[in-house]
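Everything quoted here is computed from the prediction, not taken from an experiment.
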Amino acid sequence: DERLVAKAALDAAEERLQSLCAEFAGTFVSVERRGAALEAALKDLLATVKTLETQVATAQQALEQEEESESSLAALSEKHRVRRRTLLQHSSLLELLELPSLMDACVRSNLYEEALSIAAFANTLERRHTEKNEVVLKVIAQVRSRQGDLRRHLLHCLKNQVTMPECLEIVTALRRLN
């Protein structure tokens with residue numbers, strides 16, 4: 001008898017379990033889906049963490065190399081100092097770079113004295129900057145080229161009809177140019 005009662009209780013419990021499973025089947029499915037999604041998200045997170053670990057290691061190596069190379073604080077400070085000094089001399093540098101075009105404008109406008117003054121200034125620059133500053137040397141070379149243009153212009157003017165004062169001015173400019 002007890003066996004029958006126990007069997008009946010077991011069957012009733014099984015039926016109740018099946019009805020509960022059928023009733024909450026949607027919940028079981030959503031839990032399974034969320035579990036799968038959570039597992040996929042964890043795998044992605046793990047892959048991202050591994051990628052970040054390699055990136056951090058690479059960045060750490062780069063930082064160590066930078067500390068050893070010229071990018072140290074002292075080198076950066078020196079670069080900043082040089083750039084700041086260059087910036088403070090900006091207007092002077094612009095004037096220096098404009099010398100060839102200024103001399104060209106003087107030649108075209110028949111301002112021989114001013115053109116010769118620029119040529120004299122180029123001579124002074126050449127004497128003062130014997131350390132062979134590349135920018136200064138290029139400016140001087142361009143001024144020398146304009147001096148040749150001035151010489152050709154003056155000689156061409158002598159071939160034309162000129163008055164005595166113009167002739168004296170041209171000859172004086174040619175003598176100063178040499």
Side-chain angles (χ1 to χ4, degrees), residues 37 40-178:
L42 286 174
K43 284 181 183 178
D44 287 345
L45 182 63
L46 184 62
T48 304
V49 167
K50 286 182 181 179
T51 303
L52 286 175
E53 283 178 346
T54 58
Q55 288 177 352
V56 165
T58 304
Q60 205 168 19
Q61 289 174 350
L63 283 174
E64 289 171 1
Q65 288 175 354
E66 277 188 29
E67 289 173 359
E68 295 169 0
S69 70
E70 75 170 21
S71 293
S72 67
L73 189 57
L76 287 174
S77 174
E78 178 63 22
K79 284 181 182 178
H80 176 70
R81 187 185 65 77
V82 168
R83 288 189 178 119
R84 182 161 175 79
R85 196 174 76 204
T86 303
L87 184 62
L88 290 173
Q89 298 296 325
H90 183 260
S91 61
S92 300
L93 289 172
L94 282 179
E95 289 174 5
L96 177 71
L97 294 173
E98 289 175 353
L99 284 179
S101 60
L102 182 62
M103 185 167 178
D104 189 45
C106 289
V107 170
R108 282 187 275 116
S109 301
N110 296 331
L111 300 171
Y112 308 126
E113 291 298 316
E114 288 78 4
L116 291 170
S117 296
I118 293 171
F121 181 69
N123 291 337
T124 304
L125 276 177
E126 192 172 30
R127 281 192 304 276
R128 285 186 186 166
H129 296 281
T130 56
E131 74 273 357
K132 306 300 180 202
N133 185 329
E134 190 175 324
V135 174
V136 173
L137 290 177
K138 285 183 181 180
V139 168
I140 291 170
Q142 289 177 348
V143 169
R144 296 282 182 260
S145 171
R146 299 309 186 281
Q147 277 181 299
D149 296 342
L150 175 61
R151 182 175 285 111
R152 283 188 290 282
H153 179 74
L154 291 171
L155 291 173
H156 179 73
C157 286
L158 277 178
K159 291 178 184 177
N160 295 335
Q161 193 78 2
V162 290
T163 63
M164 183 59 94
E166 289 174 339
C167 182
L168 285 174
E169 183 183 7
I170 291 172
V171 169
T172 304
L174 280 171
R175 287 183 70 196
R176 279 190 58 198
L177 193 58
N178 291 333

Return the CG to CG distance between Leu158 and Leu154, rounded to the nearest 0.5 Å. 7.0 Å
So how far is it from Leu99 CG to Gln142 CD, rounded to the nearest 0.5 Å? 10.0 Å
Grab the two heavy atoms, one from Arg152 and one from Ser145, that are nearest each other, plus how far apart they are. NH2-O, 4.5 Å
Please enumerate all residues that pass side chain to side chain donor-acceptor pair (under 3.5 Å) together with Glu78, with sequence neighbours excluded. Arg81
Ser77 vs His80, side chain to side chain contact (heavy atoms under 4.5 Å, CB included): CA-CA, chis, key distance, verdict: CA-CA 5 Å; Ser77 174; His80 176 70; 5.6 Å; no
What's the spacing between Met103 CE and Gln147 CD if we round to 0.5 Å? 4.5 Å
Please walk me through it: do Val135 and Leu93 pass side chain to side chain contact (heavy atoms under 4.5 Å, CB included)? CA-CA 10 Å; Val135 174; Leu93 289 172; 5.8 Å; no
Hey, what do you get for CG (Asn110) to CD (Glu169), rounding to the nearest 0.5 Å? 8.0 Å
Spatial distance of atom CZ (Arg84) from atom OG1 (Thr86) [nearest 0.5 Å]: 11.5 Å
dist His156:NE2 -> His153:NE2 (nearest 0.5 Å) comes out at 8.0 Å
Measure across Arg144 and Ala122 and return the closest heavy-atom pair with its distance rounded to 0.1 Å. NH1-CB, 4.1 Å
Run Val136 and Ile140 through side chain to side chain contact (heavy atoms under 4.5 Å, CB included) and show every step you take. CA-CA 6 Å; Val136 173; Ile140 291 170; 3.7 Å; yes
Could you report the tightest heavy-atom contact between Val143 and Ala119, atom names first, then the distance? CG1-CA, 4.1 Å
If you compare all heavy atoms of Val162 against all heavy atoms of Cys157, which two are closest, and at what distance to 0.1 Å? CG1-O, 3.3 Å
Closest non-hydrogen contact found for Ala115 with Leu150 is CB-CD2, 4.1 Å
